Engineer: 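Sharing a structure below in structure tokens format, with a few things to ask.
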Amino acid sequence: MNLLSAPRQPFVGLAIAAATGIALADLFPIGHAVVLPVVAIVTAGAFVLLRQPTARSTYAFVVGAFFLLHHIRTTDTAGARLVVWLGDHNGAVTVTGSVITEPKIARNGFATFLLKLSSIEIESKIKPSTAPVFVRWRGNPELGDELKLFGITEPVAPPRNPGEFDMRAYLVRHDVRRAIFVRYAENGIVVRRAGGNPILVAAQKARGWMQRTICRGLEDSPDVQTFLSGVVLGQRHQAPEDIEEPFQQTGTLHLFAVAGLHVGIVARLLWTLATTVQLSRRWATALIIPALLFYAAITGLHVSSMRAALMSSILLGGFFFERKVFSLNSLAAAAFFLLCWNTNELFATGFQLSFAVVGAIILFSDPLATLFRRWTAPDPFLPPSLIRGPRRVLHAIWNALARGLSVSAAAWLGSVLLILWYFYLIAPISLVANLVVVPIAFFVLALAMLSLICAPVLPWLSIVFNNANWCLARAVISAVQLFAQIPGGHYYVEHPHWPNESVATLDILDLGVGAAIHLQATGNNWLFDCGGERDYERVLRQYLHARGVNRTAGLVLTHGDAQHIGGAERLLIDMQPSVVFDNAAPDRSRVHRQLRVVSKNFRPVASGDDFRLSNDVTAKIFFPPPGLAASTADDQALVIQLLTPSARILLMSDSGALTEQALLAAGVDLRSDIIIKGQNHSHPSPTDAFLDAVRPKLIIATSRDFPESEKISDETAARIGARGIKLFRQDETGAVQLRCRAKEWEARAYVTGEIFRSSSR
């Protein structure tokens, strides 16, 4: 309460009041009929505040004003009006507009960006609109370009698997409610280059020059170039997963987000330059503040860079007006102004982490430093002049370490809950990792600034600084990778939830034409396939982190299809399964052969084998027989029956009619409650004879519109339904979770929320 009432720190209370009003508006949205009464109350509060200004009335007015502001900015927006106008139309449209975010080019050649419309045309009907839309186009646009595109409009897809990033919710916060897919490059044209906001366009050009300059002479080290671009310019999206993930696991990913460290170094260099040319304090401040704001624009106007630039500007403004400035008040002022600019920033992960970390450093670093120094403090009654020799040196070194450790510990305290919530991660190693890499990163950024200063007049000296930075960047990357491998240095934790009585839980992920199934039983984690390489990076790894899986008991590879096992090599490194049960049938899969070379824990299995997955779950192999050589990998995939206390589950992988005929001829007991299957390229399934033998209650099947062989036909779906069998097709349900209890089981669809229980029939 002292902070709220402190006369010299008024923005602390104002920022808290603003956040309260925004949160209330988001939690309790109001209808149009209530808007006028709220406006009347806020207006009356303004008059009361003008006549009798008090702290309480001020905070109450700010709460009401931001409640109203957030309501206005989230209802009846341009994006919402566009959705109403389009209705259910998910077809061809022609749009014109300007690129308002820097395009990101994916490995498949598609550029993704936000386009602010000027008009949209459907069936010769043209409507002016200023709504932003999310665009995917196989073109090469730049920020500020005016485009004309012909594509397909569609709703932004929700996440289809647990742990997957919710792009739809993220875009709604930016009033983006529709996506436009432009399949071919020739379906779009650039009407005009370099339009839009001239400051942002200039910032983008400056960023391009700076990136080329700090990477000059390092063409043979792409990982170092990526690191320098991320640390100096905040170009985190250019960092590949194998570089970015160790930084996340060690709590040092903030190096890729331009924040207080970066802005502070830039401000220090500019201040040194200003004093060198003997500028007065006021003139130096007047020049540095716009430069810092332009640097924030160069780095992409992210929350961390804007917060740092605003806070630094407020602190420097104190020099200009010869007023003492308080750090906490400056931080709160930066938050307040950012919320005035965009109330939805309050719900952004970057905003919350940025202000939580810096606020914790301001509040806790000094008390922690005092506590740490007491551990080696000499007798307080001993005169300092008597402390000499090695003891004096050790005491000075520990004081410096205590200061650094206190900042690192305060930052960890400020971020631990948010990182646990958003990234399911706890990283105690970050306390040590930041002590090592942050000082090196300071010199990395300083050398990069010197390289930029020297480049126009002394290009050879700029390359010298770049090569010195190569050594420092290598040191940081190596140190981070080493810290990431320390046992117990980081671990993933599932969000708290109510305990359930399941003896086995299966999550059948939706990977399109690929497959990955996670079984959790009595604390043991097993995977059946792991999807392709991209599926593992994009979906499975995030899912495993969300489920708090740090190690797996085993991995089962059903067949050599790269869409099923392409991510296994990376998974073997990340999850270190104790055993890999491998299909013994010979195949021509290059990925399969490479995996057998990489891992020494492979155990081939064939029909007749069985193995225990937990005390309550057993796996039986029904197919293929030893030595089977089929023309396609799908026709020799493992068929596995899982036996749980309440259900028999038949995993068919991509097996088709030929496999079903072989199983029927073998005379094995196929009776199962649930079938989990993919689509066979050559021989559609399931056949009627196979369904007669299995007698399932539920079928969970992959289905995709393209290619045609991966889609469940309407005839097959109708035939299954006519038998009274429930069909969960994953193009509609997304991932499906099976919970097997002692006497019953249930299946829940992730996208639709539909539940099917064993007692349903």
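Heavy atoms only: backbone and side chains are in, while hydrogens, waters and symmetry mates are out. What you see is a predicted model, and the numbers here were worked out from it, not measured in a lab. FYI, the numbering just counts along the sequence from 1.
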Engineer: Just so I know, are the side chains of Leu650 and Ile676 near enough to count as touching, which here means a heavy-atom distance under 4.5 Å?
Structural biologist: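 A side-chain contact is absent here, since even the closest heavy-atom pair is not under 4.5 Å.
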Engineer: side-chain contact (heavy atoms from CB on, under 4.5 Å) for Arg192 and Asp145? Distances and angles first, verdict last.
Structural biologist: CA-CA 6 Å; Arg192 184 165 62 95; Asp145 285 353; over 6 Å; no
Engineer: Starting from the C-alpha separation in whole Å, work towards a yes-or-no answer on side-chain contact (heavy atoms from CB on, under 4.5 Å) for Val83 and Arg178.
Structural biologist: CA-CA 7 Å; Val83 170; Arg178 280 282 179 161; 4.2 Å; yes
Engineer: Please determine if Arg570 and Glu245 form a salt bridge, counting it only when a charged side-chain N lies under 4.0 Å from a carboxylate O.
Structural biologist: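 Yes, this pair counts.
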Engineer: Under 3.5 Å, side chain of Gln730 to main-chain N/O of Ile508, donor-acceptor pair present?
Structural biologist: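 A pair under 3.5 Å: yes.
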Engineer: Mark yes or no for whether Ser118, through its side chain, and Thr96, through its backbone, hold a donor-acceptor pair below 3.5 Å.
Structural biologist: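 Yes; at least one donor-acceptor contact below 3.5 Å.
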Engineer: Does any non-hydrogen side-chain atom of Leu420 lie less than 4.5 Å from one of Ile426?
Structural biologist: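 Yes, side chains in contact.
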Engineer: Should Asp654 and His564 be marked as a side-chain hydrogen bond (donor to acceptor under 3.5 Å, both in side chains) after you check the CA-CA gap, both sets of side-chain angles, and the distance that decides it?
Structural biologist: CA-CA 10 Å; Asp654 286 349; His564 285 245; 2.8 Å; yes
Engineer: Measuring from atom OG of Ser685 to atom CD1 of Ile712, what distance do you get when rounded to the nearest 0.5 angstrom?
Structural biologist: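 Ser685 OG to Ile712 CD1: 9.0 Å, rounded to 0.5 Å.
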Engineer: Let me see the working for Arg207 and Glu102 under salt bridge (charged side-chain N to carboxylate O under 4.0 Å, His left out), right down to the final yes or no.
Structural biologist: CA-CA 12 Å; Arg207 178 168 64 247; Glu102 185 174 357; 2.4 Å; yes
Engineer: Given side chains that start at C-beta, do those of Ser653 and Lys677 come closer than 4.5 Å, heavy atoms only?
Structural biologist: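 In short, these two side chains do not touch, never coming nearer than 4.5 Å.
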Engineer: Hey, is Arg719 close enough to Glu715 for a salt bridge, meaning N to O under 4.0 Å?
Structural biologist: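 Yes, charged N to carboxylate O under 4.0 Å.
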Engineer: Evaluate salt bridge (charged side-chain N to carboxylate O under 4.0 Å, His left out) for Arg73 paired with Asp175, printing each intermediate quantity in order.
Structural biologist: CA-CA 9 Å; Arg73 290 187 173 178; Asp175 195 29; over 6 Å; no
Engineer: Is it the case that the side chain of Glu746 and the backbone of Ile755 share a donor-acceptor pair, with hydrogens and angles ignored and the cut-off at 3.5 Å?
Structural biologist: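 No.
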Engineer: Between the side chain of Lys697 and the main-chain N/O of Ser758, is any donor-acceptor distance below 3.5 Å?
Structural biologist: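 Such a contact is found between Lys697 side chain and Ser758 backbone.
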Engineer: If we ignore hydrogens and angles and just use 3.5 Å, is the side chain of Asp535 paired with the main-chain N or O of Gly567 as donor and acceptor?
Structural biologist: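 Not at all, since once roles are kept as given, no pair shorter than 3.5 Å links the two residues.
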Engineer: Please confirm whether His545 and Tyr492 have ring centers closer than 6.0 angstrom.
Structural biologist: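 Here the rings of Tyr492 and His545 have centres that are less than 6.0 Å from each other.
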Engineer: To check you understand the geometry: which heavy-atom pair defines the closest contact between Arg704 and Lys711, and what is its length?
Structural biologist: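 Answer, listing the atom of Arg704 first, then Lys711: O-CB, 3.0 Å.
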Engineer: Report, as yes or no, whether the 6.0 Å neighbourhood of atom CD on Glu186 holds more than 12 heavy atoms from other residues, nucleotides or ligands.
Structural biologist: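 Yes - once you tally the heavy atoms of other residues, nucleotides and ligands closer than 6.0 Å, there are more than 12.
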Engineer: Within a radius of less than 6.0 Å around CZ of Arg551, do more than 12 heavy atoms belonging to other residues, nucleotides or ligands occur?
Structural biologist: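 Enclosed.
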Engineer: Determine the minimum heavy-atom distance between Val93 and Ile122, stating which atoms define it.
Structural biologist: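 Answer, listing the atom of Val93 first, then Ile122: CG1-CG1, 3.5 Å.
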Engineer: I want to know whether His495 and Trp421 have ring centres closer than 6.0 Å.
Structural biologist: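 Ring-ring flag for His495/Trp421: true, centres closer than 6.0 Å.
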Engineer: Does some side-chain heavy atom of Val556 sit less than 4.5 Å from a side-chain heavy atom of Ile640?
Structural biologist: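 Contact flag for Ile640/Val556 side chains = yes.
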Engineer: Decide if atom CD of Glu710 counts as having more than 12 heavy atoms of other residues, nucleotides or ligands within a radius under 6.0 Å.
Structural biologist: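 More than 12 within 6.0 Å, yes.
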Engineer: Looking only at heavy atoms, which two atoms of Gln249 and Ala484 are closest? And how far apart?
Structural biologist: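 Heavy atoms only, the tightest pair is OE1-CB, 3.8 Å.
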Engineer: Between Thr112 and Ile105, is a side-chain contact (heavy atoms from CB on, under 4.5 Å) present by the stated rule, with each step listed?
Structural biologist: CA-CA 7 Å; Thr112 57; Ile105 309 297; over 6 Å; no
Engineer: Can you confirm if the aromatic rings of Phe28 and Phe67 lie within a centre distance of less than 6.0 Å?
Structural biologist: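 They do not qualify: ring centres at least 6.0 Å apart.
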Engineer: Check whether any side-chain heavy atom of Leu509 sits under 4.5 Å from a side-chain heavy atom of Leu540, and report yes or no.
Structural biologist: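 Sidechains of Leu540 and Leu509: in contact.
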Engineer: Determine whether a donor-acceptor pair (N or O, by modelled atom type, separation under 3.5 Å) exists between the side chain of Asp166 and the backbone of Ala169.
Structural biologist: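 Yes: the side chain of Asp166 pairs with the backbone of Ala169.
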Engineer: If the test is ring pair (Phe, Tyr, Trp, His ring centres under 6.0 Å), which one of Phe134, Phe181, Trp137 qualifies with Phe110?
Structural biologist: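 Only one of Phe134, Phe181, Trp137 forms a ring pair (Phe, Tyr, Trp, His ring centres under 6.0 Å) with Phe110, namely Phe181.
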Engineer: Roughly how far, to the nearest 0.5 Å, is OG of Ser703 from CZ of Phe728?
Structural biologist: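 So the gap between those two atoms works out to 14.5 Å.
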Engineer: Is it true that a side-chain atom of Ser672 and a backbone atom of Ile674 form a donor plus acceptor pair closer than 3.5 Å?
Structural biologist: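 Judged by distance alone, no pair lies under 3.5 Å.
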Engineer: State, to 0.1 Å, how close Arg739 and Ser502 come at their nearest heavy-atom pair, and which atoms those are.
Structural biologist: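 Shortest heavy-atom separation between Arg739 and Ser502 comes out as CB-OG, 3.6 Å.
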Engineer: Quick one: CD1 on Ile180 to CG on Asn187, what's the gap to the nearest 0.5 Å?
Structural biologist: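 Output value for this atom pair is 12.5 Å.
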Engineer: Using a strict cut-off of less than 4.0 Å between a Lys/Arg side-chain nitrogen and an Asp/Glu carboxylate oxygen, indicate whether Glu754 and Lys726 qualify as a salt bridge.
Structural biologist: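 Result for this pair is yes, salt bridge flagged.
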Engineer: Between Asn342 (side chain) and Asn344 (backbone), is there a donor-acceptor pair under 3.5 Å?
Structural biologist: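 Yes; judged by distance alone, with no hydrogens or angles, the pair exists.
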Engineer: For residues Thr702 and Gly514, report the shortest heavy-atom separation together with the two atoms involved.
Structural biologist: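 Smallest interatomic distance, heavy atoms only, reads CG2-O, 4.3 Å.
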Engineer: Just how far is it from atom CD1 of Ile699 to atom CD1 of Ile675, taken to the nearest 0.5 Å?
Structural biologist: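 It comes to 4.5 Å.
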Engineer: Would you say Leu595 and Ile565 make side-chain contact, with heavy atoms under 4.5 Å?
Structural biologist: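 In contact.
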Engineer: Can you check whether Leu339's main-chain N or O pairs, donor with acceptor, with Thr343's side chain at less than 3.5 Å?
Structural biologist: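 Pair absent, no side-chain N/O of Thr343 close to backbone of Leu339.
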Engineer: Look at atom CZ of Arg81 and say whether more than 12 heavy atoms of other residues, nucleotides or ligands are closer to it than 6.0 Å.
Structural biologist: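 Count over threshold, so yes.
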Engineer: Tell me whether the centres of the aromatic rings in His174 and Tyr170 are closer together than 6.0 Å.
Structural biologist: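 Yes; Tyr170 has its ring centre under 6.0 Å from that of His174.
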Engineer: Quick one: pull up CD in Gln679 and OG in Ser713 and give me the separation to the nearest 0.5 Å.
Structural biologist: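 Result: 8.5 Å between the selected atoms.
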Engineer: Please determine whether side-chain contact (heavy atoms from CB on, under 4.5 Å) holds for the pair Tyr536 and Arg534, giving the CA-CA distance in whole Å, both sets of side-chain angles, and the decisive distance to 0.1 Å.
Structural biologist: CA-CA 5 Å; Tyr536 175 73; Arg534 184 169 178 269; over 6 Å; no
Engineer: Donor-acceptor pair, Asp574 side chain versus Leu571 backbone, under 3.5 Å?
Structural biologist: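 Judged by distance alone, no pair lies under 3.5 Å.
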Engineer: Could you report the tightest heavy-atom contact between Gln542 and Glu537, atom names first, then the distance?
Structural biologist: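 Answer, listing the atom of Gln542 first, then Glu537: OE1-O, 2.7 Å.
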Engineer: Is Arg173 positioned over the aromatic face of Phe347, cation under 6.0 angstrom from the ring centre and no more than 45 degrees off axis?
Structural biologist: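 Yes, a cation-pi geometry.
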Engineer: Is there side-chain contact between Leu738 and Ile700, with heavy atoms separated by less than 4.5 Å?
Structural biologist: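 Yes - at least one pair of side-chain heavy atoms lies under 4.5 Å apart.
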Engineer: Check the orientation of Trp745 and Phe756. Use parallel for under 30°, tilted for 30 to 60°, and perpendicular for over 60°.
Structural biologist: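 If you compare the ring of Trp745 with that of Phe756, the planes turn out tilted.
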Engineer: Evaluate side-chain hydrogen bond (donor to acceptor under 3.5 Å, both in side chains) for Asn525 paired with Gln520, printing each intermediate quantity in order.
Structural biologist: CA-CA 5 Å; Asn525 293 285; Gln520 190 172 59; 3.1 Å; yes
Engineer: Do the non-hydrogen side-chain atoms of Ile725 and Ile720 ever get within less than 4.5 Å of each other?
Structural biologist: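 Yes, their side chains come closer than 4.5 Å.
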Engineer: Salt-bridged, Glu146 to Lys116, with N to O below 4.0 Å?
Structural biologist: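 So Glu146 does not pair with Lys116 through a salt bridge.
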Engineer: Roughly how far apart are Thr558 OG1 and Asp529 CG, rounded to 0.5 Å?
Structural biologist: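 Thr558 atom OG1 to Asp529 atom CG measures 3.5 Å (nearest 0.5 Å).
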Engineer: Look at atom OH of Tyr422 and say whether more than 12 heavy atoms of other residues, nucleotides or ligands are closer to it than 6.0 Å.
Structural biologist: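 More than 12 within 6.0 Å, yes.
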